[in-house]
Each structure stands twice: as C-alpha cells, then as structure tokens.
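Structure below; questions to follow.
Side chains are part of it too, since the values below use all heavy atoms of this structure and drop only hydrogens, waters and symmetry mates. For ligands, and for the atoms within them, numbers begin at 1 and follow the listed sequence. We're numbering straight along the sequence, starting at 1.
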Amino acid sequence: MAKHETPLLDQLETGPWPSFVTDLKRQAATKPECWDILGILELSYKDRITHWKHGGIVGVFGYGGGIVGRYADMPKQFPGVEHFHTIRVAQPSSKYYSTANLRQLMDLWEKHGSGMTNFHGSTGDIILLGTRTENLEPFFWDLTHDMGQDLGGSGSNLRTPANCIGHSRCEWSCYDTEEACYHLTQHYQDEIHRPAFPYKFKFKFSGCPNDCVAAIARSDVSVIGTWRDEIRIDQAAVKEYVAGNYPPNGGSHSGKDWGKFDIQKEVIDLCPTDCMWMEGGELKIDDTECTRCMHCINVMPRALRPGADQGASICVGAKAPILDGAQFSTLIVPFMKVEKENEFEELIEFIESIWDWWMEVGKNRERVGETMQRVGLPTFLKVMGIEPIPQHVKEPRSNPYVFWKEEEVEGGFERDVEEFRRKHAA
Ligand code: HEM
Ligand code: HEM
Ligand code: SF4
Ligand code: SF4
C-alpha cells in the first residue's frame with residue numbers, strides 16, 4: 001500500500017528504460033523507508049528544491065571519511081529518511097563480482113540500511129544509499145569481519161581509485177590496469193581513510209588512449225597506457241578487411257549502411273598525423289610520426305595491435321570547474337613502465353613527489369591542477385625533477401612575459417642607475 005501519493009514520479013514508470021521508481025516501489029514492500037524516499041523526492045519534484053539539509057558529519061572510528069552524512073529537512077513527514085547517510089564501499093578492480101559476494105553485501109544492507117544502492121558512484125565505489133547513524137559502526141563491523149571488505153574514500157584525501165577492465169577483457173591494454181589500481185589502493189590505504197591533503201585527490205587507470213575510465217578528465221593522476229615501438233600489423237588480416245570479410249570497428253556501425261569498407265577513406269585519410277599509406281597491397285605506418293591515437297587499431301582490431309614495448313603516459317591535474325575552471329590532465333611523463341614486477345615503484349615515486357610538494361604548497365581546498373596553474377608548469381616540472389621537453393606543451397607560449405632566473409641573466413638584477421645615467425643623461 002502506497003504511503004504517499006506520487007503522481008509526478010509515477011510518470012517515470014512509463015517508457016522502455018528501467019524505471020528507478022518501479023524499483024523503489026518494489027523495494028518498499030520489504031523496506032518501508034523507501035516510501036519516504038519516494039515521498040520526499042515527489043515533494044522535491046513539486047517544489048523544485050532539494051529537501052536535504054546542508055552537509056552532515058558522520059563516520060566510523062579510525063577513519064576520517066567514507067560516509068556521507070545526510071538529514072531530511074522534513075523529518076516529521078518523512079521519518080524513514082530523517083537520517084539518510086550514504087556509505088561508500090570499496091569496489092573490486094573493474095567491478096567484476098560473484099553473486100555470492102553481492103548477495104552477502106545485500107544481506108548486510110538489508111539488515112543495516114534502506115536496501116537502496118547506487119551501482120556505482122562516479123568515482124567507482126559501491127554506494128549504499130540511506131542508513132541511520134547508529135547503524136554505521138555495526139555495518140562497518142560486519143563489512144570488515146564477515147566480508148573482508150572496506151570503505152571507500154571521501155573528504156580531502158585520496159579517493160577510491162578506479163580502472164578500465166584492462167587485460168581482463170581487452171586486447172589493447174598496455175599494462176595491467178586492474179593490478180595497478182588494486183596495488184595502489186592497498187598501498188595508500190592510510191591516505192584513503194584519513195584525510196591529510198589540502199583537498200581531494202584521485203587516481204584513474206586506463207589501459208590505452210581510448211581511456212574507458214575517462215582518467216584524463218576525472219583524476220588528478222591519470223595513468224593512460226601506450227607503447228613506444230611499432231604498431232603490430234597482420235597484413236593478411238588487413239586484406240580481409242579490404243575484401244570486406246571482417247567488419248570495420250568490430251561491427252560497431254552495423255546499425256546503418258555506410259557502404260563497403262574503404263581503408264583509404266576510413267583509416268588512412270583519418271589518421272591525425274597522416275602517417276599511413278598502402279604500398280603493394282600492404283598497409284604501411286611511419287611509427288615515428290604516429291601519436292598512438294588508437295584510430296586505426298579501433299577500426300581494424302583484427303589486423304592492428306599496439307606495439308609490444310608497453311607502458312603508460314602520466315598526466316596530472318584534471319578537475320571540474322570549481323574554482324578556477326575545468327581542466328583535463330596535462331602530460332607530465334610521456335612514457336613510464338607500469339609494472340607489477342617492481343611493485344609499480346616508478347609510479348609510486350612519481351605520486352609521492354607530487355604529494356610531498358602539494359601537501360606543503362597547495363592552498364586550502366586547492367586541487368593539484370590549480371596549484372600547478374598558480375605556480376606554473378615550469379615550476380611544477382622543477383619540483384618533480386623532470387626536464388622540460390616539447391611534449392609538455394601543445395604549443396609554445398605566444399605572450400612574451402617570460403621569467404628569467406637571476407643566475408641566467410648576465411650581470412644579474414642589481415643595477416646602478418648612476419651607471420646608466422653616465423651613458424644616458426637625464
Ligand atoms: C614614433 C613613436 C614610437 C615608436 C617608434 C615606438 C616604438 C616602440 C617599440 C619598438 C616598442 C617595442 C615593441 C616590442 O617590444 O616588440 C615599443 C613599445 C612600447 N611603446 Fe612605443 N613607440 C613609439 C611611441 C610610443 C608612444 C607615444 C607611447 C605611449 C604614449 C608608447 C608606448 C609604448 C609602450 C607602453 C610599449 C611597451 C608595450 C608592451 O610591450 O607592453 N610608444 N614602442
Ligand atoms: C586603474 C588603472 C589601471 C589598472 C588597474 C591597470 C592594470 C594593468 C595590468 C593588470 C597590467 C598587466 C600587468 C602584467 O600582466 O604584467 C597592466 C599593464 C600595463 N598598463 Fe595598466 N592599468 C591601469 C592604468 C594604466 C594607465 C593609465 C596606463 C597608461 C597611461 C597603463 C599602461 C599600461 C601598460 C603600458 C602596461 C603594459 C606594461 C608591460 O609592458 O609590462 N595602465 N595594467
Ligand atoms: S581504455 Fe583501452 S585498454 Fe582499457 S578497456 Fe578501454 S580500450 Fe581497453
Ligand atoms: S594510431 Fe592514430 S596516429 Fe597512429 S597510425 Fe593509427 S591512426 Fe595514425
């Protein structure tokens with residue numbers, strides 16, 4: 001029996017897409033607080049404002065984050081959501097699950113919470129939506145003791161890292177994104193659970209420049225796989241594509257008739273650096289000019305593969321607009337080996353150089369991308385101990401406001417005006 005009238009939400013039960021309203025109503029059969037979620041949401045639809053109070057500070061002992069506290073501003077009308085805290089639970093790399101694991105987690109959530117979830121939060125966490133303060137420690141106890149699972153991150157700390165599926169189901173992954181993500185998550189548990197930074201900080205790991213986890217846009221340190229030798233070409237398979245026996249792009253465009261595959265038009269002419277050509281029926285690539293954009297490989301996955309000398313490019317500084325404007329990560333290390341064998345030593349050293357500096361220099365609530373803008377890329381490279389190279393910029397500066405260090409200028413900055421006047425009388 002419906003506890004609240006929800007005429008506006010009911011409209012969202014129509015249409016072909018899975019309806020969250022229908023799901024919530026089903027959940028409400030066993031979890032009556034779900035009726036209050038529907039009720040307060042209906043009210044927000046009507047009033048066009050949120051009905052959650054500002055902020056909320058809750059958590060579990062030992063940790064400085066992991067739980068987002070939240071309270072309804074109309075607790076009398078909607079007692080089921082008076083407390084409605086969100087718990088972030090660390091997800092496995094790539095989000096592969098067993099039903100046994102999920103069943104166990106859902107049993108816990110039925111016991112301690114609303115039964116409502118978000119699979120997954122944008123950062124990657126399993127999000128358990130809605131519980132009361134007094135349930136937090138008991139839930140955390142069961143999560144850690146019965147399931148061996150932990151909370152994710154929130155606050156001014158390292159947030160939950162995430163990765164593309166990498167080697168597990170993709171031919172293009174240039175390093176083991178899952179292992180890298182898992183290893184660094186374990187390595188930096190302290191930085192995840194106890195905020196020690198000027199602001200939040202995120203890692204994301206993509207196996208190639210297709211960047212399926214959107215690392216370049218959504219992480220302060222974006223680790224994006226690449227290679228530095230030649231694209232591996234299977235000329236026999238190229239011929240199959242040309243003959244029309246293999247569908248281009250793995251059949252991604254089969255929903256529409258784009259005509260017969262034309263390697264010139266669809267691959268060679270679209271290569272951003274114009275470094276490909278056909279010669280005697282064979283596809284040639286000038287790999288010295290290839291920027292590893294992935295286009296040709298994406299179009300002909302059965303004929304082309306990334307090179308064998310694989311690693312990753314490390315880019316730094318992506319963030320959303322607040323305060324100083326949105327940023328993608330900017331290239332800092334063009335190629336780094338990212339290897340389990342040395343426990344990701346090079347990457348860890350790189351990350352800690354950033355933290356050593358940013359934790360001192362970063363202003364309160366200043367993302368590392370903003371700190372980099374404030375001090376300038378040259379200064380950032382200097383603190384990182386990295387030599388500036390042309391790959392660090394898309395184009396050189398156009399303004400002439402160039403800073404020189406005093407030791408670079410003959411005679412230094414101390415000048416005597418009398419000396420000047422001897423040649424140039426006032
Ligand atoms: C025949 C008259 C003038 C000549 C031949 C002349 C020439 C120049 C030259 C060669 C520069 C350097 C440009 C560069 O750095 O690339 C310059 C810069 C400048 N001139 Fe003149 N100038 C003349 C008149 C004036 C006047 C009347 C003013 C101000 C009322 C003026 C203000 C400036 C300023 C402010 C700059 C610096 C611009 C900047 O780089 O920010 N100039 N001028
Ligand atoms: C309230 C008044 C003014 C403000 C707020 C102002 C502000 C500025 C700012 C922010 C810059 C850029 C500085 C930099 O990036 O290095 C600048 C440069 C400049 N301003 Fe002004 N300005 C004012 C009045 C004036 C006046 C009245 C003149 C000339 C009669 C003038 C001439 C210049 C020149 C020539 C430059 C270029 C200096 C350079 O080459 O480094 N400004 N001003
Ligand atoms: S980012 Fe690249 S390696 Fe990772 S899943 Fe996507 S295509 Fe594959
Ligand atoms: S990866 Fe991109 S730049 Fe390199 S050859 Fe293929 S299309 Fe050209």
Which bit of M276 is near ligand 4, meaning a heavy atom under 4.0 Å away: side chain, backbone, both or neither?
side chain
For residues W109 and F139, establish whether the separation of their ring centroids is below 6.0 Å.
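Under 6.0 Å, so yes.
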Can you report which non-hydrogen protein atom sits closest to atom 2 (Fe) of ligand 4, along with the distance?
C293 SG, 2.3 Å
Pull up every protein N/O/S atom sitting under 2.8 Å from atom 8 (Fe) of ligand 3, skipping waters.
C170 SG
Of all the heavy-atom pairs spanning D125 and G152, show the shortest one and how long it is.
OD2-CA, 3.3 Å
Would you say the ring centers of F140 and Y63 fall short of 6.0 Å from each other?
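Ring centroids of F140 and Y63 are less than 6.0 Å from each other.
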N/O/S of C271 less than 2.8 Å from atom 8 (Fe) of ligand 4?
yes
S114 and E33: side chain donor to acceptor below 3.5 Å:
no
How about Y71 and H85: are their ring centres within less than 6.0 Å of each other?
yes
Check: S94/N163 side-chain N/O donor and acceptor closer than 3.5 Å:
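Per modelled atom types, S94 and N163 side chains form a pair under 3.5 Å.
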More than 12 non-hydrogen atoms from neighbouring residues, nucleotides or ligands closer than 6.0 Å to CH2 on W258, yes or no?
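Counting neighbours around CH2 of W258, 12 or fewer heavy atoms of other residues, nucleotides or ligands fall under 6.0 Å, so no.
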Which protein heavy atom lies closest to atom 4 (Fe) of ligand 4, and at what distance to 0.1 Å?
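Atom 4 (Fe) of ligand 4 sits closest to the protein heavy atom C290 SG, 2.3 Å.
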Going by distance alone, is a donor N or O of one side chain under 3.5 Å from an acceptor N or O of the other, for E191 and N157?
no
Considering only the protein, which heavy-atom contact is closest to atom 3 (S) of ligand 4, and what is its distance?
T291 N, 3.5 Å
Among all protein heavy atoms in this structure, tell me which lies nearest to atom 6 (Fe) of ligand 4, with the distance rounded to 0.1 Å.
C296 SG, 2.3 Å
Aromatic rings F201 and F197: how do their planes relate, parallel, tilted or perpendicular, breaks at 30° and 60°?
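Judged by the thresholds at 30° and 60°, the geometry between F201 and F197 is perpendicular.
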Record the part of T177 in heavy-atom contact with ligand 3 below 4.0 Å; permitted values are side chain, backbone, both and neither.
neither
How about K284: does its NZ atom have over 12 heavy atoms from other parts shown lying under 6.0 Å from it?
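Count over threshold, so yes.
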Pick one of side chain, backbone, both or neither for how T273 approaches ligand 4, counting any non-hydrogen atom pair under 4.0 Å.
side chain
